[in-house]
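Worksheet: the structure to be examined is printed underneath.
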Amino acid sequence: MTLDMLGCIVGLIYIYQEYKASIWLWLTGIIMPVIYMFVYYEAGLYADFGMQIYYTLAAIYGFLYWKFGREKDGEEIPITRYPHRLIFPSLLAFLLIWGALYLILINFTNSNVPVLDSFGNALSFIGLWALAKKYIEQWWIWIVVDIELAGLYLYKEIPFTAGLYAFYAVIAVAGYYKWKRSLPQPLQKASPQPLQKEGSA
């Protein structure tokens with residue numbers, strides 16, 4: 001329960017930093033998985049437990065990409081829209097990861113929630129990658145993930161984390177509109193083209 005509360009506090013810091021598009025979210029994103037490794041293992045959420053390793057590596061990648069993957073003129077990586085050409089490959093990747101995680105859970109663990117545990121984590125793979133790329137639609141991916149995981153954690157009696165993810169879902173909606181307001185008017189509708197630099201965090 002103590003780690004659940006601590007993870008919740010760190011998670012609130014993380015979602016605020018994501019809302020502000022602050023590069024420091026990636027450093028918080030390295031600390032948070034370490035805490036949740038213990039929380040999820042104790043709860044028997046083995047896919048979530050394994051995902052924390054991916055989250056740690058993705059946070060390192062995200063930090064380096066945001067820090068050094070600058071535009072030619074030195075501008076920081078801009079917020080962009082999810083390219084249409086990547087929608088089908090992303091969906092296919094999600095289904096393959098979901099299936100692989102499900103098979104691992106039913107064959108190598110005693111998980112009693114293999115479908116839900118693997119679903120949320122498979123979709124998180126795509127969401128975290130989209131966040132690293134600064135695709136604004138990553139917020140919609142997280143809304144689905146957060147609602148699903150909030151229900152799962154409540155069922156698994158991890159109340160603080162369940163509440164945190166429910167709060168995440170609300171912040172994800174606000175985050176989408178916050179990011180969108182910084183975009184040029186012509187590109188706020190549906191263009192997949194790169195957008196101008198976001199306002200200061």
Side-chain angles (χ1 to χ4, degrees), residues 1-12 14-15 18 25-65 82 86-133 135 137-169 172:
M1 185 65 72
T2 301
L3 286 176
D4 183 21
M5 293 175 63
L6 179 60
C8 181
I9 293 171
V10 175
L12 290 172
Y14 177 87
I15 194 65
E18 183 180 1
L25 76 91
W26 297 112
L27 298 185
T28 305
I30 294 174
I31 298 171
M32 189 164 61
V34 175
I35 297 172
Y36 276 113
M37 281 183 186
F38 296 96
V39 174
Y40 294 143
Y41 185 81
E42 288 294 324
L45 293 168
Y46 303 112
D48 281 297
F49 168 78
M51 275 292 295
Q52 303 316 300
I53 299 173
Y54 168 72
Y55 285 155
T56 302
L57 296 175
I60 295 172
Y61 167 79
F63 177 79
L64 294 175
Y65 185 78
Y82 210 106
L86 295 181
I87 293 177
F88 178 74
S90 298
L91 178 60
L92 182 60
F94 159 67
L95 293 174
L96 290 174
I97 296 169
W98 186 11
L101 289 175
Y102 172 76
L103 290 175
I104 291 172
L105 290 178
I106 62 172
N107 287 296
F108 300 103
T109 76
N110 61 350
S111 173
N112 63 346
V113 285
V115 175
L116 295 179
D117 196 10
S118 55
F119 174 87
N121 284 283
L123 194 54
S124 294
F125 264 95
I126 308 303
L128 200 56
W129 171 79
L131 171 60
K133 293 294 187 180
Y135 294 147
E137 288 81 5
Q138 58 94 14
W139 288 109
W140 297 115
I141 296 174
W142 289 119
I143 289 172
V144 176
V145 171
D146 295 338
I147 292 174
E148 189 268 340
L149 290 181
L152 177 60
Y153 296 153
L154 189 62
Y155 172 75
K156 296 296 287 187
E157 299 180 345
I158 314 176
F160 288 101
T161 302
L164 175 65
Y165 274 77
F167 181 64
Y168 276 178

Where is the tightest heavy-atom contact between [X] and [Y], given as atom of each residue plus distance?
X	Y	result
P114	I106	CB-CG2, 3.7 Å
A166	A150	N-CB, 3.8 Å
I143	A169	CG1-O, 4.0 Å
G62	A132	CA-CB, 4.3 Å

Quick one: list whatever passes ring-ring contact (aromatic ring centres under 6.0 Å, His included) with [X], sequence neighbours left out.
X	result
Y61	Y65
W139	W179
Y36	Y40
Y54	F125

Taking the side chain as every heavy atom from C-beta outward, state whether [X] and [Y] have any atom pair closer than 4.5 Å.
X	Y	answer
L149	F119	no
L45	I158	yes
I15	Y165	no
Y55	S124	yes

State which residues pass side chain to side chain contact (heavy atoms under 4.5 Å, CB included) with [X]; sequence neighbours excluded, sorted by chain then number.
X	answer
L116	E148, L152
V34	none
L27	W24, I30, F63
Y41	Y46, F49

Going by side chain to side chain donor-acceptor pair (under 3.5 Å), name the residues that satisfy it together with [X], two or more places apart in sequence or in a different chain.
X	answer
D117	N121
T28	Q17
Y168	none

Measuring from atom [atom1] of [X] to atom [atom2] of [Y], what distance do you get when rounded to the nearest 0.5 angstrom?
X	Y	atom1	atom2	value
M5	I35	CE	CD1	12.5 Å
D4	I9	CG	CD1	10.5 Å
I31	Y14	CD1	OH	12.5 Å
F38	L6	CZ	CG	11.5 Å

All N/O donor-acceptor pairs, side-chain side in residues 87-104, below 3.5 Å, sequence neighbours left out:
unit_1: S90; atom_1: OG; unit_2: Y82; atom_2: OH; d: 2.5
unit_1: S90; atom_1: OG; unit_2: L86; atom_2: O; d: 2.6
unit_1: W98; atom_1: NE1; unit_2: V115; atom_2: O; d: 3.2
unit_1: W98; atom_1: NE1; unit_2: S118; atom_2: OG; d: 3.1

### Message
Working note: L128 + Q138, criterion side-chain contact (heavy atoms from CB on, under 4.5 Å); need CA distance, chi angles, decisive distance, verdict.
### Response
CA-CA 8 Å; L128 200 56; Q138 58 94 14; over 6 Å; no
### Task
Give a yes or no answer on whether the side chain of Q52 reaches the backbone of D48 with a donor-acceptor pair at less than 3.5 Å.
yes
